[in-house]
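Here the structure comes first, spelled out in structure tokens, and everything after it is commentary.
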Amino acid sequence: VAFILVQLFALNSQRNIEMYPYVVTKTYDQFEIRQYNSTLFTTVKLSNSSYKEASSEGFSILAGYIFGGNDQNKSIAMTAPVRMEMSEKGSAMSFVMPAQYDMASLPKPKDATVEIKQSEPVYVAVIAFGGYANDEKINDYTNKLVALLEKKKIKIIGRFNFLGYNAPFQLIGRKNEISIPIEWKE
């Protein structure tokens, strides 16, 4: 009974989280093209290059910022997805900031490793997968998306991002995505 209650709580909580808004431009069988507008992110760069190593460390640092580790000691609402960029040189984790904030109104982080950045508008190709993410799944779905884009002759213009939508304790209905910036002309 406790397990079911926790899962129902997790699913209900997910509905109340602000999502990074986008517009689906085109849908293919296994992936879609999205347009994201400019938005604010808080980002921390990490020396770890794998999901397993970086996800816990990055989340802890950024959660510290949104749970009051800022110059206003103010809590900032959690949003989704959590974005991770990974390469052999290291990784970065980012939280989307709620739409109510702009660069002037967003509290400044107390932790100097937390950066506030404004993203550029971008078109991305996105492929989704369920379950818990790990380095192998992230690599497999990234390679699958790259192959699908090559087959459709869609030009890749940046590194992939992993997008995670769920709290670690949520077991049912997990959603993960790989996004890759692309050149897109409708």
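Everything quoted here is computed from the prediction, not taken from an experiment.
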Take the angle between the ring planes of F129 and F162 and call it parallel below 30°, perpendicular above 60°, tilted in between.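 Judged by the thresholds at 30° and 60°, the geometry between F129 and F162 is tilted.
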
Does any part of the side chain of [Y], heavy atoms only, come nearer than 4.5 Å to the side chain of [X], both counted from C-beta?
X    : Y    : answer
L148 : I127 : yes
L40  : V96  : no
I33  : I182 : yes
K144 : Q30  : yes
Y22  : E32  : yes
V114 : L62  : yes
E115 : V44  : no
I76  : L106 : yes

Please report the closest heavy-atom contact between [X] and [Y], naming both atoms and the distance.
X    : Y    : answer
A92  : T43  : CB-CG2, 4.0 Å
T79  : M97  : CG2-C, 4.3 Å
V122 : P181 : CG2-CB, 4.0 Å
I66  : M78  : CD1-SD, 3.6 Å
S87  : S49  : O-CB, 3.0 Å

Side chains of [X] and [Y] only: does a donor on one sit below 3.5 Å from an acceptor on the other?
X    : Y    : value
K108 : Q72  : no
N176 : K137 : no
Q118 : S38  : yes
T142 : N139 : no

For [Y], does its backbone N or O pair with a side-chain atom of [X] as donor and acceptor, under 3.5 Å?
X    : Y    : value
Y65  : P107 : yes
S60  : S56  : no
R34  : T25  : no
S179 : V124 : no
S91  : A54  : no
N48  : S50  : no

For F31 and I154: C-alpha separation, side-chain torsions, deciding distance, then whether side chain to side chain contact (heavy atoms under 4.5 Å, CB included) applies. CA-CA 12 Å; F31 70 100; I154 298 172; 4.2 Å; yes

Verdict with supporting geometry, I138 and F160, side chain to side chain contact (heavy atoms under 4.5 Å, CB included): CA-CA 10 Å; I138 291 169; F160 82 92; 3.6 Å; yes

Taking atom [atom1] of [X] as the centre, does the number of heavy atoms from other residues, nucleotides or ligands within less than 6.0 Å exceed 12?
X    : atom1 : result
K89  : NZ    : no
K110 : NZ    : yes
Q100 : CD    : yes

Look at K155 together with E150 and state whether they make a salt bridge at an N to O cut-off of under 4.0 Å.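 So K155 does not pair with E150 through a salt bridge.
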
I need the R159 CZ to I180 CD1 distance, nearest 0.5 Å.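 Answer rounded to 0.5 Å: 10.0 Å.
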
Examine [X] and [Y] and state if one hydrophobic cluster contains both, with Ile, Leu, Val, Met, Phe, Trp and Tyr joined whenever side-chain heavy atoms are less than 4.5 Å apart.
X    : Y    : answer
I156 : Y28  : yes
V126 : V23  : no
L149 : I157 : no

Can you confirm if the aromatic rings of Y20 and Y165 lie within a centre distance of less than 6.0 Å?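 Ring-ring flag for Y165/Y20: false, centres at least 6.0 Å apart.
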
Decide whether a cation-pi geometry holds between R83 and F95; the criteria are a distance under 6.0 Å from NZ or CZ to the six-membered ring centre and an angle within 45° of the ring axis.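 Cation-pi check for R83 and F95: fails.
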
Check step by step if side chain to side chain contact (heavy atoms under 4.5 Å, CB included) holds for N166 and K175. CA-CA 7 Å; N166 309 98; K175 177 181 175 184; 4.0 Å; yes

Between F41 and I116, does the side chain to side chain contact (heavy atoms under 4.5 Å, CB included) criterion hold? Intermediate values first, please. CA-CA 6 Å; F41 284 95; I116 300 172; over 6 Å; no

